[in-house]
**Student:** 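Pasting a structure here, questions to come.
This is a predicted model, so every value here is computed, not measured. Whatever order the structure lists them in is the order used to number ligands and atoms, beginning at 1.
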Amino acid sequence: MKKPAMRLLPRRVRAAWLALVACAGLIACGAAPDPQLEVTGPTMGTYYAVKVARPPAGLTADTLRAGVERLLSGVIATLSTYDPASELSRLNRNPSTDWVPVSAALYPVLAQGQRLSAVSEGAFDITVGPLVNLWGFGPGAHSDAVPAPELIQAARERVGYGKLELRTEPAAIRRQRGDLYIDLSAMGEGEGADQMAAWLESIGATDYMAAVAGTLRVRGKNALGRPWGIAIEVPDPEQRSVQRILPVTDRAVSTSGDYRNFFKAGGKRYSHHIDPHTGTPVEQSLASVTVVLPAGTDSARRADGLATTLMVMGEARGLALAEAQGLGAYFILREEGGFRELTTTAFKRIAVE
Ligand code: ADP
Ligand code: MG
């Protein structure tokens, strides 16, 4: 089998995986922990990590690894723009402006993207790909330079979720322009976490944590019989310290940050969150957003997309949307001399569970 390009996310974010998974394990304790299986490995330019406490009979670390890696390869083969052979890459090279069939695996991710665009008035936009690539945050070269205004303008003309139509039965998409380029990287980790969770449930796991980088699903309790502890890190690439540990059971959690995948030019920082309305990376004091949702089908993908959406919307609009939608959301703002936290009402309830 052809080895897929194992990257959805750029190299620069590779280290970020640790952020949310490091603390899910055993914190010093007198009682002997229950058995737990643990596997981790590279995927999507970052890492996956899965822990299963009190695993179902017959599950071994080897079968766990094989199972999740097969799923994650499938996600990459469907929606990675880093794998030239993926379904999405083939679609992006297809200049047709007629209806083009899409697989049952790809369709829901596209539909999720369009829903997020509608709810965020276009702050989230899966057609933002030409701008992502132009700014050096896509699969091509990373120039670490601000693109010329005319190139930004040309890319902006290709962007707009209204230029993309979706149809079910049979699942298909139609693009108004043949040069539309779809980027689903903002939901790739979440799709991976949801698929791992669905598979774990299907084999009888009741207590697990399944993460791709900073996006994960948890169910049940850890090996100590306690809620899984999810570490949210201080949004500073120089530090590897924990801002807060969130105890969670039956949740999807995703953190989006501007502090790992960025470049500096002319004294300014440019991050990988692009405002489709301006064609430029968002400039703001928001350093990271963590979204916490009840666990369920597609919940990690939704949390992943929402975290990116809130980052693009920024502190004021993002917080207002999160409140209006009743989302559990935790914002960390960069301020002179440190960080400031903002949380939604739903998050405050989760944090004291
Ligand atoms: P983070 O968790 O930091 O948000 P993600 O990988 O989940 O990281 O999302 C960032 C990626 O989303 C970018 O690298 C880019 O491919 C894509 N992206 C950037 N801006 C937008 C946007 N406005 N709407 C949708 N996707 C975007
Ligand atoms: Mg995301």
**Student:** Taking heavy atoms and a distance under 4.0 Å, where does D125 meet ligand 1: side chain, backbone, both or neither?
**Tutor:** backbone
**Student:** Say whether Q114 and Y161, considering side chains only, have a donor N or O and an acceptor N or O under 3.5 Å apart.
**Tutor:** no
**Student:** When you check the gap from the basic side-chain N to the acidic O, do R244 and E233 get nearer than 4.0 Å?
**Tutor:** no
**Student:** Taking a cutoff of less than 4.0 Å between a non-hydrogen atom of the residue and any ligand atom, is G190 in contact with ligand 1?
**Tutor:** no
**Student:** Would you check the N or O atoms of G257, main chain and side chain alike, for any that come under 3.5 Å of an N or O of ligand 1?
**Tutor:** yes
**Student:** Find all atoms of ligand 1 within a distance of less than 4.0 Å from any non-hydrogen atom belonging to V128, and give their numbers and elements.
**Tutor:** 21 (C), 22 (C), 26 (N), 27 (C)
**Student:** Where the closest heavy atom to atom 10 (C) of ligand 1 is concerned, which of E189, M44, H272 has it?
**Tutor:** H272
**Student:** Provide the atom name of the closest N, O or S atom of D304 relative to the Mg ion (ligand 2).
**Tutor:** OD1
**Student:** Give me the one residue out of L310, V253, T343 that meets side chain to side chain contact (heavy atoms under 4.5 Å, CB included) with T290.
**Tutor:** V253
**Student:** May I ask you to say whether D236 pairs ionically with R334, meaning some side-chain N is under 4.0 Å from a carboxylate O?
**Tutor:** no
**Student:** Quick check on T215 - does any of its heavy atoms sit under 4.0 Å from an atom of ligand 1?
**Tutor:** no
**Student:** Do any nitrogen or oxygen atoms of T308 lie less than 3.5 angstrom from nitrogen or oxygen atoms of ligand 1?
**Tutor:** yes
**Student:** Do any N/O/S atoms of G190 come under 2.8 Å of the Mg ion (ligand 2)?
**Tutor:** no
**Student:** Below 4.0 angstrom from a heavy atom of T255, which ligand 1 atoms are there? Numbered from 1 as shown, please.
**Tutor:** 2 (O)
**Student:** Under 3.5 Å, is there a donor-acceptor pair between the S185 and H272 side chains?
**Tutor:** no
**Student:** Would you mind finding which of P139, G122, A186 brings a heavy atom closest to atom 5 (P) of ligand 1?
**Tutor:** A186
**Student:** Under 4.0 Å, heavy atoms only, figure out whether ligand 1 is touched by the backbone of S254, its side chain, both or neither.
**Tutor:** neither
**Student:** If we only count N/O pairs under 3.5 Å, is P276 in contact with ligand 1?
**Tutor:** no
**Student:** Would you call M311 a ligand 1 contact, heavy-atom distance under 4.0 Å?
**Tutor:** no
**Student:** I want to know if ligand 1 touches D304 in the polar sense, i.e. an N/O pair below 3.5 angstrom.
**Tutor:** yes
**Student:** Any donor and acceptor pair, going by atom type alone, linking the side chain of Q153 with main-chain N or O of A148 inside 3.5 Å?
**Tutor:** no
**Student:** Only heavy atoms of V312, strictly under 4.0 Å: list the atoms of ligand 1 that pass.
**Tutor:** 23 (N)
**Student:** Any chance you could lay out the side-chain hydrogen bond (donor to acceptor under 3.5 Å, both in side chains) test for T344 and E323, step after step, and finish with the verdict?
**Tutor:** CA-CA 6 Å; T344 60; E323 276 295 358; 4.9 Å; no
**Student:** Is D207 salt-bridged to R54, cutoff N-O under 4.0 Å?
**Tutor:** yes
**Student:** Between E283 and R269, is there a side-chain N and carboxylate O pair less than 4.0 Å apart?
**Tutor:** no
**Student:** Using a 4.5 Å cut-off on heavy atoms from C-beta on, say whether the side chain of L164 contacts that of L180.
**Tutor:** yes
**Student:** May I ask you to list the atoms of ligand 1 that are less than 4.0 angstrom from any heavy atom of V132?
**Tutor:** 15 (C), 16 (O), 19 (C)
**Student:** Is the closest N or O pair between D183 and ligand 1 shorter than 3.5 Å?
**Tutor:** yes
**Student:** At a threshold of 2.8 Å, where the distance has to be below it, does the Mg ion (ligand 2) have an N, O or S atom of T215 nearby?
**Tutor:** no
**Student:** Please indicate whether any nitrogen or oxygen in M187 is less than 3.5 Å from any nitrogen or oxygen in ligand 1.
**Tutor:** no
**Student:** Would you indicate whether the side-chain heavy atoms of V68 and Y48 approach each other to under 4.5 Å?
**Tutor:** yes
**Student:** With the side chain counted from C-beta on, respond yes when R301 and P108 share a heavy-atom pair under 4.5 Å apart, and no when they do not.
**Tutor:** yes
